[in-house]
Undergrad: 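This is the structure, below, for whatever I ask next.
Throughout, a chain's letter reflects where its sequence line sits, starting with A, and its residues are numbered from 1.
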Amino acid sequence: MATKKVPAKKPAAKKPAPKVTKLAATGEKPKAAKPKGSKKKLQLLRGMRDILPQEQMYWDYVRGALDQVSRAYGYSRIDVPVVEELQLFKRTIGEGTDVVDKEMYEFETKGEDQVALRPEFTAGVARAFIEHGMMNQPQPVKLWTDGALFRYDRPQAGRYRQFHQGNWEIIGSPQAALDAELIAMGYNFLSDVGLPVTVLINSLGTPDTRKQYVNALKDYLKPHRKQLDETSQERFNKNPLRILDSKDERTQEILEGAPQIVDFLDDESREHFMSVLEYLDESGIPYRLESRLVRGLDYYSHTAFEFVLTPPEVVAGEATEDAAADTVDAETGEAKVAESSVAGMALGGGGRYNYLVEQLGGPAGTPAVGMAIGLERVILAIRELKVEIAPEPTADVFLAQIGETARKRALKLFEELRKAGIAVMSNISKNRLSDQLSLASKASAKYTLILGQKEMIDNTIIIRDMAAGSQETIDQEKLVATLQKALKK
RNA sequence: GUGGCUAUAGCUCAGUUGGUUAGAGCAUCGGUUUGUGGUACCGGGGGUCGUGGGUUCAAGUCCCAUUAGCCACCCCA
């Protein structure tokens with residue numbers, strides 16, 4: 001039966017395809033090549049992408065590490081909706097920021113609600129904290145999540161309109177130790193996953209110190225204003241702090257002598273910041289003070305930090321303590337980062353936001369710290385640096401069957417094996433043994449079970465050791481026990 | 001949102017100054033082997049050369065527009 005079907009299919013499958021192309025080709029000349037506009041190619045929206053099966057191993061790897069580290073540090077999982085009220089984001093992230101002003105996916109629903117696709121997690125998590133009365137739980141509340149975020153930005157490598165982050169929030173405690181613990185966790189997560197990173201850190205103080213600093217900065221820049229680059233001049237009134245980030249050389253030169261925000265911190269903020277740094281020293285986390293680090297979202301206060309893929313000069317040059325060397329470990333790692341285009345890429349960051357919860361209508365003075373790590377970028381770096389990741393768990397055994405009766409038995413046997421905890425796979429749509437062996441080999445199964453007419457009569461089954469190429473015949477009743485023993489490791 | 005580069009098979013790419021039926025490797029399917037894989041050999045399928053228009057006797061090749069990707073700006077993850 002099976003052999004008859006195969007030859008029948010072949011000619012049928014072959015002919016139609018050429019016909020179609022021929023028609024299309026001849027149709028071109030008469031001029032009517034585009035009668036159907038429906039031929040328009042459907043393609044990915046800009047900035048969107050498919051994560052194909054071949055790439056899933058990286059996502060499994062990263063998500064696994066995410067889950068592990070989050071549990072270890074005592075975080076509870078929370079999932080918040082992709083869509084929220086537009087106002088939630090406008091109020092927290094702040095109007096005037098690029099994220100809100102030009103990068104939000106916002107729209108009106110059929111019920112005429114103004115909503116937006118989440119461009120980040122913090123606002124939603126803070127909203128959930130308040131809405132579900134989590135202030136009545138033991139403080140602080142540690143929450144983590146991961147998922148898709150949306151920003152209508154212009155795509156580039158490692159930058160998409162739909163992207164994913166791992167996200168952590170610690171709400172309800174002002175302790176500097178928590179800032180440090182959070183940073184340590186992010187650092188350790190990235191190290192675990194195989195990435196050499198540097199922590200950049202700064203303190204933004206309170207809204208008040210920020211105000212003072214902004215004034216001081218403007219006073220300093222005013223005489224040089226005409227020499228600043230164009231965008232910096234625009235920012236002068238709108239968002240002067242961001243001038244610090246300018247990549248323009250001339251602007252950077254001018255900034256050399258600019259006042260630093262650290263000098264404007266009030267006693268409490270300074271103490272907090274010093275304390276965070278002490279904790280970091282204690283935990284051996286290498287960091288670099290970065291007085292120009294200003295995060296793009298309005299709600300940050302006090303500690304602000306960022307994880308950057310370690311650029312070569314930092315690793316090779318002024319040794320940032322032993323811990324840095326530990327994470328880089330092999331010299332090959334350094335070399336790879338050096339020659340890689342991803343060196344210096346920002347993988348994540350975060351900071352304190354002591355005023356956000358209150359601003360959203362939560363209890364006054366509810367402090368919090370948060371952090372987010374970009375998953376696409378982590379995976380990009382992992383792939384770029386060729387970090388070796390554990391191969392996907394493959395099937396232990398492949399069940400091959402030959403002939404109709406064996407196939408029926410195989411269906412049942414498959415289930416018995418699965419219930420016995422054996423990772424088994426098969427493909428009952430295949431008839432030829434060679435096809436099935438080939439599949440088994442591709443799936444790197446340790447054993448292939450061969451069940452054919454002969455075995456059905458004897459009530460036996462063949463166990464083939466794929467690596468050794470040897471095989472033996474055993475009774476079907478003994479199969480499960482034999483396999484369990486053989487796979488025990 | 002601004003500027004630059006790029007676009008040929010599922011993937012990586014080749015394609016001479018515009019000139020016959022657009023090629024390779026890998027992958028895929030089939031055969032050598034109707035009950036023995038990962039090797040080898042043979043063969044097949046798969047391209048409206050991103051899309052639309054223009055120049056030309058003739059366009060994958062030149063021009064314009066458009067879409068997408070990449071790079072820089074910007075922003076950040």
Side-chain angles (χ1 to χ4, degrees), chain A residues 1-4 6-7 9-10 13-18 20-29 33-34 37 39-41 43-49 52 54 97-99 101-103 119-121 149-167 229-232 234-235 239 242 245-248 294-297 306-308 341 345-350 371-381 398 400-403 406 431-445 448 450-455 462 464-467 469-471:
Chain A
M1 263 189 106
T3 48
K4 275 178 193 169
V6 174
K9 272 181 190 171
K10 272 190 283 176
K14 275 178 190 172
K15 296 226 167 167
V20 174
T21 56
K22 267 177 203 165
L23 283 177
T26 52
E28 262 177 10
K29 291 192 175 175
K34 46 152 193 176
K39 277 239 171 175
K40 189 191 173 190
K41 194 157 70 174
Q43 62 179 28
L44 247 9
L45 249 20
R46 180 168 231 192
M48 299 290 167
R49 66 189 205 115
L52 299 172
Q54 311 89 278
T97 61
D98 281 3
V99 171
D101 285 357
K102 23 190 237 202
E103 296 174 6
E120 55 113 43
F121 279 117
L149 302 171
F150 302 83
R151 249 119 105 161
Y152 195 85
D153 201 354
R154 185 136 172 193
Q156 249 171 63
R159 181 164 116 186
Y160 302 94
R161 286 182 174 182
Q162 176 177 340
F163 61 103
H164 299 77
Q165 285 184 347
N167 185 271
D229 60 285
E230 214 173 304
T231 49
S232 290
E234 282 169 22
R235 284 165 172 167
N239 198 348
R242 296 225 59 88
D245 281 348
S246 171
K247 280 167 194 157
D248 184 78
V294 175
R295 309 230 79 223
L297 313 180
E306 204 168 290
F307 298 104
V308 165
S341 56
M345 180 169 67
L347 298 175
M371 170 174 82
I373 291 180
L375 270 30
E376 276 82 2
R377 289 190 181 176
V378 166
I379 288 172
L380 179 66
F398 188 98
Q401 102 303 134
I402 312 145
N431 298 314
R432 268 190 299 279
L433 180 58
S434 59
D435 284 349
Q436 297 183 71
L437 278 165
S438 171
L439 288 172
S441 163
K442 269 171 200 156
S444 53
T448 296
I450 302 171
L451 187 63
Q453 301 294 345
K454 223 183 299 172
E455 291 74 25
I462 295 171
R464 180 178 177 80
D465 184 320
M466 296 301 280
S470 61
Q471 56 189 45

Undergrad: Excluding sequence neighbours, so at least two apart, what forms salt bridge (charged side-chain N to carboxylate O under 4.0 Å, His left out) with A:Arg49?
TA: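 Partners of A:Arg49 by the salt bridge (charged side-chain N to carboxylate O under 4.0 Å, His left out) criterion, ordered by chain and then number, come out as A:Glu55.
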Undergrad: Expressed as a whole number of Å, how far does the C1' atom of B:rG15 sit from that of B:rU67?
TA: 25 Å
Undergrad: Do A:Arg159 and B:rC71 have a side chain to base donor-acceptor pair shorter than 3.5 Å?
TA: no
Undergrad: RNA chain B: A:Glu376 or A:Gly47, which has the more 5' nearest nucleotide?
TA: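 Nearest-nucleotide comparison on RNA chain B picks A:Gly47.
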Undergrad: Base, sugar-phosphate alone, or nothing: which one does A:Gly166 contact when heavy atoms must sit under 4.0 Å apart?
TA: nothing
Undergrad: Under 4.0 angstrom, heavy atoms only, what part of the nucleic acid is A:Gly349 near: base, sugar-phosphate, or nothing?
TA: nothing
Undergrad: Scan A:Glu455 against the nucleic acid and name what it touches under 4.0 Å (heavy atoms): base, sugar-phosphate only, or nothing.
TA: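 If one applies the 4.0 Å heavy-atom cut-off, A:Glu455 turns out to touch a base.
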Undergrad: Could you tell me how far B:rA7 sits from B:rC63 if I compare only their P atoms? Round to whole Å.
TA: 12 Å
Undergrad: Just need the stems in RNA chain B: three or more back-to-back Watson-Crick or G-U pairs, each with both distances under 3.5 angstrom, sorted by first number.
TA: B:1-7 with B:67-73, B:10-13 with B:23-26, B:28-32 with B:40-44, B:50-54 with B:62-66
Undergrad: I want to check one thing: is the phosphate of B:rA72, taken as OP1 and OP2, less than 4.0 Å away from some side-chain N or O of A:Gln156?
TA: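 Checking B:rA72 against A:Gln156, a side-chain N or O does come within under 4.0 Å of OP1 or OP2.
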Undergrad: Using the C1' atom as the reference point in each nucleotide, state the distance between B:rG10 and B:rU66 in Å, no decimals.
TA: 26 Å
Undergrad: What does A:Leu149 touch in the nucleic acid at a heavy-atom separation under 4.0 angstrom: a base, only the sugar-phosphate, or nothing?
TA: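 No contact.
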Undergrad: Could you list the residues that satisfy side chain to side chain contact (heavy atoms under 4.5 Å, CB included) with A:Leu380, not counting sequence neighbours?
TA: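 With neighbours one apart ignored, the set is A:Val342, A:Met345, A:Glu384.
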Undergrad: What does the list of N/O pairs under 3.5 Å between the protein and nucleotides 37-40 of chain B look like, with a distance for each?
TA:
from, atom 1, to, atom 2, distance (Å)
B:rG37, N7, A:Arg464, NH2, 3.1
B:rG37, O6, A:Arg464, NH2, 2.8
B:rG37, O6, A:Met466, O, 3.3
B:rG37, N1, A:Met466, O, 2.5
B:rG37, N2, A:Met466, O, 3.3
B:rG38, O4', A:Ser441, OG, 3.2

Undergrad: Give me the distances for all protein-to-nucleotides 2-5 of chain B N/O pairs that come in under 3.5 Å?
TA:
from, atom 1, to, atom 2, distance (Å)
B:rU2, O4, A:Arg154, NH1, 2.8
B:rG3, O6, A:Arg154, NH2, 3.3

Undergrad: For A:Arg46, which contact category applies under a 4.0 Å heavy-atom criterion: base, sugar-phosphate, or nothing?
TA: sugar-phosphate
Undergrad: Would you mind checking if A:Asp153 and A:Arg161 are paired as a salt bridge, meaning a charged N to carboxylate O distance below 4.0 Å?
TA: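 Looking at A:Asp153 together with A:Arg161, the answer is no, because their closest N to O distance does not fall below 4.0 Å.
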Undergrad: Classify the nucleic acid contact of A:Gly452 as base, sugar-phosphate or nothing, counting any heavy atom under 4.0 Å across all strands shown.
TA: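 Base contact.
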Undergrad: Enumerate all atom pairs, one protein N or O and one N or O from nucleotides 6-10 of chain B, separated by less than 3.5 Å.
TA:
none

